[in-house]
Amino acid sequence: MKAMILAAGLGNRMRPLTLYKPKPLLEVGGKPLIFWHIEALAKIGVTEIIINAAWLKDQLVNTLCDGSQFGVKIIWSLEDEGLETAGGLIKALFHFEDQPFLVVNGDVWTRYDFSALKNVELGDRLAHLVLVDNPPQHPNGDFTLSDDLSNGTANHGVVSTFEQEKAGEALTFSGISILSPKLFADLPKGKRPLAPLLKDAMQQGLVSGEKMSTAWVDVGTPERLMQLDEQIRNQEI
């Protein structure tokens, strides 16, 4: 399985720290945020990682290079300007051919074991999302997770929008997923958000999900970055 790390954002909420350094290179626990993801993916045997970059992209490329320092192959998808999540994925889509691929937002931190996603079989579904309990800054969540998936696995189910009738637990999207290239079928290149595509797929019952039970942080502000760094160094998380 190939993976893509999304690292093209401007990091506006993280300013002034991101004025001169791209957000994925900000450090927690003694190393850049993106290092945690690459090392976790390498640990489960993912050897080819596509990374998109736009803001201060030369710093990312010069720091990570070809990935050999991590035992992986990094392929760069460089953008002149940020294409938003779906736009960045569409630009890099040819790297995955017709195979589902793992996606990770470069601005989150987690202890999640990515090996669980290697066993996900999408079948006819278009996406499998990893969800988390709603953090304080996002109390209402993004989607709901119901337990009516046929395999009956604990903490797994069908992901729905709040507008759909299926009742479920309101949770937040972690930024970790398995996506099918079919989710982007026939869409032109250009700036495009991911959420509308996922919601359309949910309306068709084509999105599954699971609830993460380990540590996860949306590192969205300097305050959260400092707090996470302290927690990691004090072995509190």
Side-chain angles (χ1 to χ4, degrees), residues 1-6 8-9 46 50 52 77 82-106 108 110 112 114-135 138-213 216 218:
M1 177 180 287
K2 297 179 182 180
M4 183 163 181
I5 300 176
L6 302 172
V46 173
I50 292 82
N52 69 334
S77 180
L83 296 174
E84 299 191 50
T85 304
L89 291 166
I90 291 169
K91 184 178 186 295
L93 201 60
F94 69 96
H95 291 295
F96 307 108
E97 300 175 346
D98 60 349
Q99 297 300 310
F101 54 98
L102 196 159
V103 181
V104 188
N105 284 2
V108 300
T110 184
Y112 179 72
F114 289 105
S115 64
L117 296 179
K118 294 184 70 175
N119 298 321
V120 171
E121 295 289 342
L122 287 182
D124 294 330
R125 296 191 299 276
L126 298 177
H128 179 85
L129 309 184
V130 179
L131 307 175
V132 296
D133 286 320
N134 301 325
H138 192 62
N140 296 325
D142 296 311
F143 308 117
T144 64
L145 181 66
S146 59
D147 59 0
D148 56 352
L149 198 62
S150 60
N151 64 12
T153 305
N155 293 324
H156 286 60
V158 174
V159 180
S160 306
T161 66
F162 292 119
E163 291 78 17
Q164 290 174 271
E165 293 183 2
K166 295 179 180 178
E169 182 181 9
L171 298 169
T172 292
F173 178 38
S174 71
I176 301 170
S177 60
I178 298 289
L179 301 180
S180 168
K182 296 177 182 177
L183 180 66
F184 310 97
D186 302 321
L187 294 177
K189 291 183 179 180
K191 185 177 291 189
R192 184 186 295 269
L194 180 61
L197 301 181
L198 290 175
K199 289 179 179 179
D200 287 346
M202 290 174 195
Q203 294 288 346
Q204 303 174 61
L206 296 177
V207 179
S208 61
E210 64 182 83
K211 181 180 177 181
M212 183 194 301
S213 58
W216 173 90
D218 171 14

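A quick note: this is a predicted structure, and the numbers were derived from the prediction, not measured.
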Which donor-acceptor pairs under 3.5 Å do side chains of residues 115-123 form with protein atoms, sequence neighbours excluded?
unit_1	atom_1	unit_2	atom_2	d
Ser115	OG	Asp113	OD1	2.7
Ser115	OG	Asp113	OD2	2.9
Lys118	NZ	Ile44	O	2.7

Might you point out which heavy atoms bring [X] and [Y] nearest each other, and give the distance in Å?
X: Ile50; Y: Ser77; result: CG2-CB, 4.2 Å
X: Met202; Y: Ser160; result: SD-C, 3.8 Å
X: Gly106; Y: Ile5; result: CA-CG2, 3.9 Å
X: His128; Y: Ser208; result: ND1-OG, 2.7 Å
X: Leu145; Y: Lys211; result: CD2-N, 4.0 Å
X: Gly82; Y: Lys191; result: O-CE, 3.2 Å

Drop me the distance from [X]'s [atom1] to [Y]'s [atom2], to the nearest 0.5 angstrom.
X: Ser177; Y: Asn105; atom1: OG; atom2: CG; value: 8.0 Å
X: Ile176; Y: Glu210; atom1: CD1; atom2: CD; value: 9.0 Å
X: Met4; Y: Leu179; atom1: CE; atom2: CG; value: 10.5 Å
X: Ile90; Y: Leu83; atom1: CD1; atom2: CG; value: 9.0 Å
X: Leu198; Y: Phe173; atom1: CG; atom2: CZ; value: 6.5 Å
X: Asp98; Y: Ser180; atom1: CG; atom2: OG; value: 8.5 Å

Item to check | Reference residue Phe143; test side chain to side chain contact (heavy atoms under 4.5 Å, CB included); the match among Val207, Val159, Val158 | outcome: Val159

Checklist outcome for this item: With Phe114 as partner, the option from Val130, Leu102, Val46 fulfilling side chain to side chain contact (heavy atoms under 4.5 Å, CB included) is Leu102

Item to check | salt bridge (Lys or Arg N to Asp or Glu O under 4.0 Å) involving Asp200 - partner list, sequence neighbours excluded | outcome: none

Checklist outcome for this item: By salt bridge (Lys or Arg N to Asp or Glu O under 4.0 Å), Lys91 pairs with (sequence neighbours left out) none

Next on the checklist: Is the shortest side-chain heavy-atom distance between Asp133 and Leu171 below 4.5 Å?
Outcome noted: yes

Next on the checklist: Between Leu89 and Asn52, does the side chain to side chain contact (heavy atoms under 4.5 Å, CB included) criterion hold? Intermediate values first, please.
Outcome noted: CA-CA 8 Å; Leu89 291 166; Asn52 69 334; over 6 Å; no

Checklist entry - Got a sec: does the NZ of Lys182 have more than 12 other heavy atoms crowding it under 6.0 Å? => result no

Next on the checklist: Please enumerate all residues that pass side-chain hydrogen bond (donor to acceptor under 3.5 Å, both in side chains) together with Asp142, with sequence neighbours excluded.
Outcome noted: His138

Item to check | Partners meeting side-chain hydrogen bond (donor to acceptor under 3.5 Å, both in side chains) with Thr172 (sequence neighbours left out) | outcome: Asn134

Checklist entry - Taking Trp216 for the side chain and Val132 for the main chain, is one N or O donor matched with an acceptor at less than 3.5 Å? => result no

Item to check | Partner residues of Phe184 under the ring-ring contact (aromatic ring centres under 6.0 Å, His included) criterion, sequence neighbours left out | outcome: none

Next on the checklist: Let's go through Leu93 and Phe101 carefully: what are the C-alpha distance in whole Å and the side-chain angles of both, what is the deciding distance for side chain to side chain contact (heavy atoms under 4.5 Å, CB included) to 0.1 Å, and is it a yes or a no?
Outcome noted: CA-CA 10 Å; Leu93 201 60; Phe101 54 98; 3.9 Å; yes

